[in-house]
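When reading the values below, keep in mind they use all heavy atoms of this one structure, side chains included, and skip hydrogens, waters and symmetry mates. Sequence lines set the chain letters: A, B, ... in the order given, protein chains first and strands last, and positions in each chain run from 1.
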Protein chains: 2
Amino acid sequence: MKRPVSLKDLAEELGVSISTVSRALKNSGEVSDAMKEKVRKLAKEKKYRPNPFAVSLLKNSPRIIGIIVPDIATYYYSSIISAINQAAVKEGYSTIIVSSDETYEIEKQCVENLINFRVEGILACVSQQTSDFSHFEVLFDQNIPLVFFDRVGLSEKSSCVITDNVESAQTATAHLLENGRKRIGFIGGANHLNIVKLRKHGYLQALRDYKIPIDKDLVVCKEIGYELGYEAASRLLALANPSDAFLCLSESLAFGAFKAIRDKGLRIPDDVALIGYIDEIHADYVSPPLSAMTHQTAQIGKTSFKLLLKQIKGSTEIEKKIIPCILTVRGSSVKKAAGNQLEAPKTTPAQE
Amino acid sequence: MKRPVSLKDLAEELGVSISTVSRALKNSGEVSDAMKEKVRKLAKEKKYRPNPFAVSLLKNSPRIIGIIVPDIATYYYSSIISAINQAAVKEGYSTIIVSSDETYEIEKQCVENLINFRVEGILACVSQQTSDFSHFEVLFDQNIPLVFFDRVGLSEKSSCVITDNVESAQTATAHLLENGRKRIGFIGGANHLNIVKLRKHGYLQALRDYKIPIDKDLVVCKEIGYELGYEAASRLLALANPSDAFLCLSESLAFGAFKAIRDKGLRIPDDVALIGYIDEIHADYVSPPLSAMTHQTAQIGKTSFKLLLKQIKGSTEIEKKIIPCILTVRGSSVKKAAGNQLEAPKTTPAQE
DNA sequence: GTAAATAACGCAAACCTTTGCGTTCGAATT
DNA sequence: AATTCGAACGCAAAGGTTTGCGTTATTTAC
């Protein structure tokens, strides 16, 4: 690996000082137009590229932000990452993406690594295992901006971007109730996650609104994953008084439940209705297509970065942005013959 | 953002020189055990973290590699990224992931950005639009190691990791032929992509092997994407002599075709068989589950990084690694009643 | 024609770490 | 007792860039 050309190289070749070359490339007023021209020409010819380490060393701002996700290879996260990336690139920032693999220990390590990297800020979505957030507190000491998205923590101390968890779950549950379902199974993840707590709240609220008795057996809060969805749904379908509908908190849970229903020989939506937090692009893969609460991942990513950037630029305001989910009713939640779909597919517009 | 503590800060507080502190933390033999202890204690107390910019400036190796993918939010790429990441972290490397958005111009920019970043090496999967690879040649001038994966270019000059394109397509096609299909539609992407060229070759070879006449109308090579899959399949099903099976080169194409078949009111696999390069986790989402050629993304990622690391460490050998696909026969390609499945589900083990 | 102003450029410090080499001092060898 | 050796540490350069300030030389104003 040969040494890249530096300002010094250019300066020597032109017989001028390094400062002049530096200023010329920065289009400073302190250097003549003729000189600027000469410098720029040589720089292009020699393929000069400023050394980012030297600049970062001086300014202590590498123009990099860190992103911590529980998992990279899930559409939901990768699409958010993609949106963050786009917003970041537009502002001249690069991103370093790290995965906690849904593990507390790794997440801890991720935070440390990003600090060592001297990132200018961190966007984080916590792992399923994380119920204690003290490993994020170091960032406050170091004055490194932190914004949580989706699964959040330390909400008194840091900004975050979340979805309308309570309302979306309430809406989804109400939708099932209005279509005549009585025994709605709630299939979620670990209880300490804000998204689980809040959505369960919305689910229960809808039941109360419609005066449906609450049955704790229908609420499953274990882990998020395809197998878990399969197991939970299987169990709820095997009850003496089985479920006639499911609200699933993630795509993997929903498809797991989907398979469980099919394997049981039951029909969707005739025997069992299904709705879940499912990504737009996959909801239509299956037959019947899945009714879904869809996250506006592009908005989530964009907004998260915007909040972070604001903090990087010095703001200390703690903000909480809510990106609404969009309910799209497809085949899995409404019986064709029934025709008693009270509510038109409600698409809440994204804020801002 | 307050200034992080430096070696100098520690040195002053201890009343020793910077070099001693540096060596103490590096556990050098040139400093006494007592001093080491004192330094380490203070370092921990003051939360000293080595400045990566200073180190990189000196050594010109930031321990970062760049990854260029056509798209982040696709399971195939994100799972490869995930595997690369894991391998990289294990070796103390971080990754910067950039997306070309399937665009030639952006890809060009990505390469430039990564060079400016002084990454130690680049792993790349080219965009659909890319047929000219000259923008990668800069890397050779700069002596930056480059390894292509999946969609490759410059194969005489750079190492790459690919799948067994010809063989897998040949096997998949043969599988359809052995199950009685005669009019197999080939739904691929742009012709200039190696993966399309080679797989088409495998497809044609299988037809020849089985003495089936080749019909150019059944070969569609346009773009990769859900809508394109839908269109292509719709068209082939509307032919006077329509397709009775499809081989799709990507998951999005396959699910697009899947929907087209359903919308036409045809049954899978009774009327039309379907097989494609589909990710393991999604193949089972639909009913019937999809027969698939599955990429071993973990292997692809891991092997790619290993090849790159070898080059970073100085090797100039140009290597080409082939990671075989795995054929898993599910419901979409074999009629239940037929029972003439000649070939057992063949799972080729991953190499190494 | 002298004083003041300005344009155009150079010097050098600073950012932080690593490392070859030089220095000092005490202990071991002859 | 004089010499040698090694342990333990300091000095200083190097890596590339930015920037405040100092230095020229030329132009402008009176």
Spacing of Asn60(B) atom CG relative to dT17(D) atom C1', expressed in whole Å: 14 Å
Heavy-atom check, side chain of Cys125(B) versus side chain of Pro70(B), under 4.5 Å: yes
NZ/Lys36(B): more than 12 non-hydrogen atoms of other groups inside 6.0 Å: yes
Within residues 50-57 of chain B: residues closer than 4.0 Å to DNA chain D (heavy atoms): Ala54(B), Leu57(B)
Side-chain touch Thr103(A)/Ser127(A), heavy atoms, less than 4.5 angstrom: no
Arg23(A) (side chain) and dG20(D) (base): donor-acceptor pair under 3.5 Å: yes
Exercise: identify the closest heavy-atom pair between Leu308(B) and Leu123(B): CD2-CG, 3.7 Å
Below 4.0 Å: OP1/OP2 of dG16(D) and any side-chain N or O of Arg3(A): yes
Main-chain N/O of Ile300(A) paired with Ser304(A) side-chain donor or acceptor, under 3.5 Å: yes
Close approaches to DNA chain D from residues 25-36 of chain B, in residue order (heavy atom, under 4.0 Å): Glu30(B), Val31(B), Ser32(B), Met35(B)
Please tabulate the protein-to-nucleotide N/O contacts below 3.5 Å involving nucleotides 23-28 of chain D, giving atom names and distances.
none

Could you tabulate the donor-acceptor pairs under 3.5 Å formed by side-chain atoms of residues 5-15 of chain A, not counting sequence neighbours?
unit_1, atom_1, unit_2, atom_2, d
Ser6(A), OG, Lys8(A), N, 3.3
Ser6(A), OG, Asp9(A), N, 3.4
Ser6(A), OG, Asp9(A), OD2, 3.4
Asp9(A), OD1, Arg3(A), NH2, 3.2
Asp9(A), OD2, Arg3(A), NH1, 3.3
Asp9(A), OD2, Arg3(A), NH2, 3.3
Asp9(A), OD2, Ser6(A), N, 2.8
Glu13(A), OE1, Lys46(A), NZ, 3.1

Flag side-chain contact, heavy atom, 4.5 Å: Ile68(A) against Val111(A): yes
Flag, side chain of Ser28(B) to backbone of Ala24(B), donor-acceptor distance under 3.5 Å: no
Residues touching DNA chain C, which here means a heavy atom under 4.0 Å, drawn from residues 6-17 of chain B: Ser6(B), Leu7(B)
Residue-phosphate contact under 4.0 Å: Tyr48(B) side-chain N/O, dC16(C) OP1/OP2: no
Protein-nucleotide distance (Ile18(A), atom CD1; dC11(C), atom C1'), rounded to Å: 11 Å
Side chain to side chain donor-acceptor pair (under 3.5 Å) involving Thr297(B) - partner list, sequence neighbours excluded: Ser79(B)
Interatomic distance, Leu58(A) CG vs dT18(D) P [rounded to whole Å]: 8 Å
Donor-acceptor contact below 3.5 Å, side chain Thr74(A) vs main chain Tyr77(A): no
Parallel, tilted or perpendicular, as decided by the 30° and 60° cut-offs, for the rings of His295(A) and Tyr76(A): tilted
Min side-chain heavy-atom separation Ile106(B)-Cys110(B) under 4.5 Å: yes
SB check Arg151(A) Glu102(A) (cutoff 4.0 Å): yes
